[in-house]
Amino acid sequence: MSHLVKINTHLINPRNLSAFLSYPIPSMATETLTSEPAYDLIILGASGFTGQYVLREALKFLSSPSPLRSLAIAGRNPSKLKSTLQWAASPSQPPSIPILQADTSSPDSLLAIARQARLLISCVGPFRLHGRPVVSACCEAGTDYLDITGEPEFMERMEAEFHEKAADTGALVVSACGFDSIPAEFGMMFHCRKWGPPSVVSRIEAYVSLESNRRIVGNLGTYESAVLGVANAAKLQEFRRSRPRRPRPKIVGPPPPKGPLIEHKKELGLWTVILPSADATVVRRTLTTINEHPHGLPGMDESPDFAETRKAFWPSIKPTYFGVKLGSKSIFGIFRAIVTGFFLGVFAKFALGRSLLLKFPSFFSAGWFRKKGPSEEEVRNATFKMWFVGQGYSDEKLASQPGKKPDKEIITRVSGPEIGYVTTPITLIQCALIVLGQRGNLPKGGVYTAGAVFGPTDLQKRLEENGISFDFISTRNL
């Protein structure tokens, strides 16, 4: 937003010129900083593959009594954003929503939009390439920030670089608010609460199964991020070694043994393979944060009722070993994942290989990813199930016995619609509505995981009301 001040110099008496020049003129920059933000929410990258679906989901809540009363969209191409708005509102007429121009290569444009929003959602990936300037602008402006990244290095670097700044300015920065990693985090917490005293969980293995009666087509942004993530895996390990080690939570029982590469999980009806996703990393970061704050992160102006809820919630979430595997009803699906992983592991390590991977995603992923993304029909027909198989002890005292193995198993499940274009917008917008409507119950500012911030809130209930199920499946003695 620009402010123009026009002065008619013909009306100024030369004898009063010095007095005029010494008169204090109000600072527009100061006025912008201290005024109330113009919009509750700005969606950056709304015309992208996922951003358009995020916008469509947000439009459902752009009315009273929702806390989302004003919305703007931002990106590089205003005409493309206008077309996206028409698509997202279809078959209705698009609402009158401001379209703002901003580019991740222009820090000034990002700061300008950040200062106009209470909350900024970023859908601009890969976040390794485009994410940092957006986080920086929000931290500078004191604007809350959510995103849909599933890139561990980006998240960890943002925490290291911006946590103190965000805490100072009151910017709440929360990444991985999409399928990475809300189902994993909240599925883990739902599972933990099924272990009532004196029993205690020791290890949880999550099995992700993608299902459809049509062809499953993955999110191209996820594929691009995976290519860059594998290419820079050594840098991530180097970065982690350079960071101060945070105290790790104490987990009851021994670490789980390493299983085979491919496993047939008969009780779930799935063939499985280890999935190197962000979920396990994000869950561990949440558990580490709660280890440092056993009763959670206090809200900046939380109600007494919420403070009691928060303090009662976190003791039920026990530290646990956590891993993630990809599951498929067909062993062919597992081989396709292995082939994709092989190509990524080999080709992503050199420039020409990365160029080939990014140019021909369908070939190197055996059709799993393609440049044009899924059709509307493919999105409608896709679903996911995430099974949580937890093993632990029927009595926590048993864990202290030498060589004692877990003697109890509990299985729970989170399930919902297509992961990239339906579940991700649902989880992201519900997080946004909590930020807008319950801000006083959340931390003043800082860079945190979604689980650490939203765990004690009503997010799970909201997800269940919007098509994502949390189910208890079974329990048995081992």
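Below, all heavy atoms of this structure are taken into account, side chains as well, without hydrogens, waters or symmetry copies.
Ser209 places no side-chain N or O within 3.5 Å of a backbone atom of Lys385 that could act as its donor or acceptor partner. No donor-acceptor distance shorter than 3.5 angstrom exists from the side chain of Tyr421 to the backbone of Pro374, with no hydrogens or angles considered. Remark: side-chain polar atoms of Ser242 are paired, donor with acceptor, to backbone N or O of Phe239 under 3.5 angstrom. Judged purely by atom type and a 3.5 angstrom limit, Asp144 uses its side chain to pair as donor or acceptor with the backbone of Leu172.
Between Trp314 and Gly455 the shortest heavy-atom distance is CZ2-CA, 4.1 Å. Residues Asp147 and Ala176 share a closest heavy-atom pair of OD1-N, 3.1 Å. For the residue pair Met300 and Arg439, the shortest heavy atom distance occurs at CE-CG, 3.5 Å. Heavy atoms only, all atoms of each residue included: Thr104 and Leu110 are closest at CA-CD1, 3.8 Å. Between Leu344 and Val230, the closest heavy-atom pair is O-CG1, 3.5 Å. Here the closest heavy-atom approach between residue Arg310 and residue Leu297 is recorded as CD-O, 3.4 Å.
The shortest distance between side-chain heavy atoms of Phe454 and Val435 falls below 4.5 Å. The shortest distance between side-chain heavy atoms of Val282 and Asp180 does not fall below 4.5 Å. Looking at Trp271 and Glu263, their side chains never come closer than 4.5 Å, going by heavy atoms from C-beta outward. Phe186 is not listed as a side-chain neighbour of Thr427, based on a closest heavy-atom distance of 4.5 Å or more. Counting heavy atoms from C-beta outward, Cys123 and Phe49 have side chains that stay 4.5 Å or more apart. Counting heavy atoms from C-beta on, the side chains of Asn291 and Pro319 never come closer than 4.5 Å. A heavy-atom distance below 4.5 Å is found between the side chains of Ile317 and Arg193. Residues Glu464 and Phe470 form a side-chain contact, since some pair of their non-hydrogen atoms from C-beta on lies under 4.5 Å apart.
Annotation: the span from Glu376 atom CD to Asn381 atom CG amounts to 11.0 Å, rounded to 0.5 Å. Taken to the nearest 0.5 Å, the CG atom of Leu433 stands 6.5 Å off from the CG atom of Leu68. To the nearest 0.5 Å, atom NZ of residue Lys405 and atom CD of residue Gln391 are 10.5 Å apart. Atom CD1 of residue Ile434 and atom CD1 of residue Ile429 lie 12.0 Å apart, to the nearest 0.5 angstrom. Summarising the geometry, atom CZ belonging to Arg476 is positioned 6.0 Å from atom CD belonging to Glu267; distances are rounded to the nearest 0.5 Å. Annotation: the span from Cys431 atom SG to Ile182 atom CD1 amounts to 4.0 Å, rounded to 0.5 Å.
The environment of Phe335 atom CZ is sparse: at most 12 non-hydrogen atoms of other residues, nucleotides or ligands sit within 6.0 angstrom. The 12-atom threshold is not exceeded at NZ of Lys80, counting heavy atoms of other residues, nucleotides or ligands nearer than 6.0 Å. For Phe342, the CZ atom is loosely surrounded, since the number of other residues' heavy atoms within 6.0 Å does not exceed 12. Other residues, nucleotides and ligands contribute at most 12 non-hydrogen atoms within 6.0 Å of the CD atom of Glu164. For CZ of Arg246, the number of neighbouring non-hydrogen atoms (other residues, nucleotides, ligands) closer than 6.0 Å is greater than 12. Enclosure of atom CD in Glu238 is not indicated, since only 12 or fewer non-hydrogen atoms of other residues, nucleotides or ligands lie within 6.0 angstrom.
By the 30° and 60° cut-offs, the orientation of the rings of Tyr53 relative to Trp87 is perpendicular. Ring planes of Phe179 and Phe384: perpendicular class, angle over 60° (limits at 30 and 60°). Taking the six-membered ring for Trp and thresholds of 30 and 60 degrees, Tyr448 and His163 have ring planes more than 60 degrees apart, a perpendicular arrangement.
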Candidate pair Arg243 and Glu153, rule salt bridge (Lys or Arg N to Asp or Glu O under 4.0 Å), full reasoning: CA-CA 12 Å; Arg243 298 283 297 144; Glu153 183 178 357; over 6 Å; no
Go through it in stages, so that I can follow the logic: the residues are Met158 and Val173, the test is side-chain contact (heavy atoms from CB on, under 4.5 Å), and I'd like the CA-CA distance, side-chain angles, deciding distance and then a yes or no. CA-CA 9 Å; Met158 294 306 97; Val173 176; 5.6 Å; no
Walk me through it: do Lys60 and Glu57 pass the test salt bridge (Lys or Arg N to Asp or Glu O under 4.0 Å)? CA-CA 6 Å; Lys60 298 177 184 178; Glu57 185 70 16; 2.9 Å; yes
Under the side-chain contact (heavy atoms from CB on, under 4.5 Å) rule, what do Glu156 and Arg285 come out as? Steps first, then yes or no, please. CA-CA 9 Å; Glu156 293 176 38; Arg285 288 177 59 214; 4.2 Å; yes
Could you please spell out the steps behind the side chain to side chain donor-acceptor pair (under 3.5 Å) verdict for Thr286 and Thr449? CA-CA 6 Å; Thr286 292; Thr449 60; 2.6 Å; yes
Going through the checks in order, is the salt bridge (Lys or Arg N to Asp or Glu O under 4.0 Å) test met by Arg132 and Glu161? CA-CA 10 Å; Arg132 184 192 174 280; Glu161 183 175 357; 2.4 Å; yes
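Side-chain polar atoms of Ser469 and Asp471 form no donor-acceptor pair below 3.5 angstrom. Remark: the Thr222 side chain and the Glu224 side chain contain no N/O donor-acceptor pair separated by less than 3.5 Å. Counted by atom type alone, Gln52 and Thr84 present zero donor-acceptor pairs between their side chains at under 3.5 Å. Under 3.5 Å, the side chains of Asp458 and Gln438 contain a donor-acceptor pair of N or O atoms. Checking Asp279 against Ser181 by side-chain atom types alone, a donor-acceptor pair falls below 3.5 Å.
For Lys408 and Trp195, the positive end sits near the middle of the six-membered ring, less than 6.0 Å away and at most 45° from its axis. Remark: Arg354 is not positioned above the aromatic ring of Phe347, lacking an NZ or CZ atom under 6.0 angstrom from the ring centre and at most 45 degrees off the axis.
With respect to Glu418 and Arg380, no salt bridge is recorded, no charged nitrogen being found less than 4.0 Å from a carboxylate O.
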